[in-house]
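What follows is a set of notes on a single structure, which appears directly below.
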Protein chains: 2
Amino acid sequence: MGPAAGADFVRLFVQACTQQMRARGEPVRDQSFPEHWLAQVPVPDRTEALASAGQGAHQPLEPMLQALGRLAALGSRTVAIACNTAHAWHANLQERFPQVELLHMARETARHLAAQGATGVALMATEGTYRIRLYEQALADEGLECHVPLPEERQIITRGIFEGVKAGNMQLAEQCFSDVALRLAGRHGPVSIVMGCTEVPLGLQGSAAVAGLDLVDPAQVLAAALARRAYGVPQPH
Amino acid sequence: MGPAAGADFVRLFVQACTQQMRARGEPVRDQSFPEHWLAQVPVPDRTEALASAGQGAHQPLEPMLQALGRLAALGSRTVAIACNTAHAWHANLQERFPQVELLHMARETARHLAAQGATGVALMATEGTYRIRLYEQALADEGLECHVPLPEERQIITRGIFEGVKAGNMQLAEQCFSDVALRLAGRHGPVSIVMGCTEVPLGLQGSAAVAGLDLVDPAQVLAAALARRAYGVPQPH
């Protein structure tokens, strides 16, 4: 839901569509891509809302409901939200617009990891995503456990997200994210590290420091799931 | 209007918004980005339509009118089209939706070049864009001349666009585009080379072969113009 992550999600979706066409042996042409829309609307900070009592927690829902309503009115059949923390409101959004299939980023990622035969998983995310146990729950549903960083490591991730990517300081972001990724790998061994906030892959793109690690990008998994729906492929391939 | 170019345009717009906030001394936060929507709809090939007599030339207009109508219904005030050749229909689109300001990629680029004090300009574009003299006209309005490639060089550009970027073969694209860019620079000296098809910068991104050349990306100029409108800055800065 950071605007840079939203832009990157379109790139990942276009890439996933290209892969679909290739897998089907079809020529890749402009006209073979499905119609798709991106809505980027200002939404109050998700983690902040989840941390505040009562009223605050509902603030992000209103603009997301409005955007989803407009996407539904445009005729969208399937919608993906390119923000992990925003999935705190997934059930409310899906309930209000049952005519739209609203993909679930953590569940798609958990299914992807289970299909890949992952055994150990560690999670880099926002405080909000840890608070609602978004990935812990989705991974448990697939029989997978989830290692989470220590409190001070979470603070480093938060710094990389807000003072790094969201503020346009990519060098700081890379430093923060690679630091925590290496600590997780050092502590838990050869785990799949889920970059469970869409800002994290933006900060780690092309980072040499984490070259040997198994980094999983839920945005890429989500984009592939959306492309499968667009081309009528129901199951992961 | 190639889907990859559309995705890249959102990235350029988000980047241009970040620059606007920095120039104003404002903190860069998610919530400070303006609401923006991307519509990617299948549109028949623009160059092919412009080459065919009569009926054919109107084919791309219909889906573009529909998309623009839906963007207008969403409340869009300013719209940019991330495809140079599609500007053949700019006047028709603008006339039909006078409530929306439809930016003009070639005019924005010509104004940008004039403001930068450019003297010589060379153009890499689709056959359709050459055919309608989109840049020749816009540049002439700013008192600038425009060198165009030789027929065989145009064929190389076309190959890079369709068999390269649009088909997902980026290596071929880079080869084709850098070849023509170097020939233009060799023939015309230190000119500004306008990458007047949104697929060209995608193919030349990070190309070492053209590192010394003055490459101008109209998509970047257009994204900056759109960001200025969003932040209420009327004149180029």
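Per chain, numbering begins at 1; letters A, B, ... match sequence-line order.
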_Closest approach of B:Ala7 to A:Val10 (non-hydrogen atoms, all atoms of both residues)_ = CB-CG1, 3.6 Å
*Got more than 12 heavy atoms from elsewhere within 6.0 Å of CD, A:Gln31?*
yes
*Option that, when pairs with chain A are counted at under 4.5 Å, heavy atom only, ranks first among B:Gly6, B:Cys17, B:Pro44, B:Pro34*: B:Pro44
*asked:* Are there residues of residues 67-81 of chain A whose heavy atoms fall under 4.5 Å of chain B's heavy atoms? If so, which?
replied: A:Ala67, A:Arg70, A:Leu71, A:Leu74
*asked:* Restricting to side-chain hydrogen bond (donor to acceptor under 3.5 Å, both in side chains), what partner residues turn up for A:Arg229, sequence neighbours left out?
replied: A:Glu101, A:Glu108
*Are there residues of residues 35-43 of chain A that reach to under 4.5 Å of chain B by heavy atoms, and which ones?*
A:Glu35, A:His36, A:Trp37, A:Leu38, A:Ala39, A:Gln40, A:Val41, A:Pro42, A:Val43
*Within 6.0 angstrom of A:Gln99 CD, more than 12 heavy atoms from elsewhere*: yes
*Relative to chain A, which segment of B:Glu163 carries a heavy atom at a distance below 4.5 Å: side chain, backbone, both, or neither?*
neither
*Which bit of A:Pro3 is near chain B, if near means a heavy-atom gap under 4.5 Å: side chain, backbone, both or neither?*
both
*asked:* For B:Asp8, which atoms come within 4.5 Å of any heavy atom of chain A: side chain, backbone, both, or neither?
replied: neither
*Pair A:Lys166 + B:Asp30, salt bridge at N-O below 4.0 Å*: yes
*Quick check: are there more than 12 heavy atoms from other residues, nucleotides or ligands sitting under 6.0 Å from CZ of A:Arg96?*
no
_Partners meeting salt bridge (charged side-chain N to carboxylate O under 4.0 Å, His left out) with B:Glu174 (sequence neighbours left out)_ = none
*asked:* Does B:Glu48 have more than 12 heavy atoms from other residues, nucleotides or ligands lying within 6.0 Å of its CD?
replied: no
*A:Pro63 portion near chain B, given a 4.5 angstrom heavy-atom threshold*: neither
_Can you tell me which portion of A:Val28 sits under 4.5 Å from chain B's heavy atoms? Options are side chain, backbone, both or neither._
both
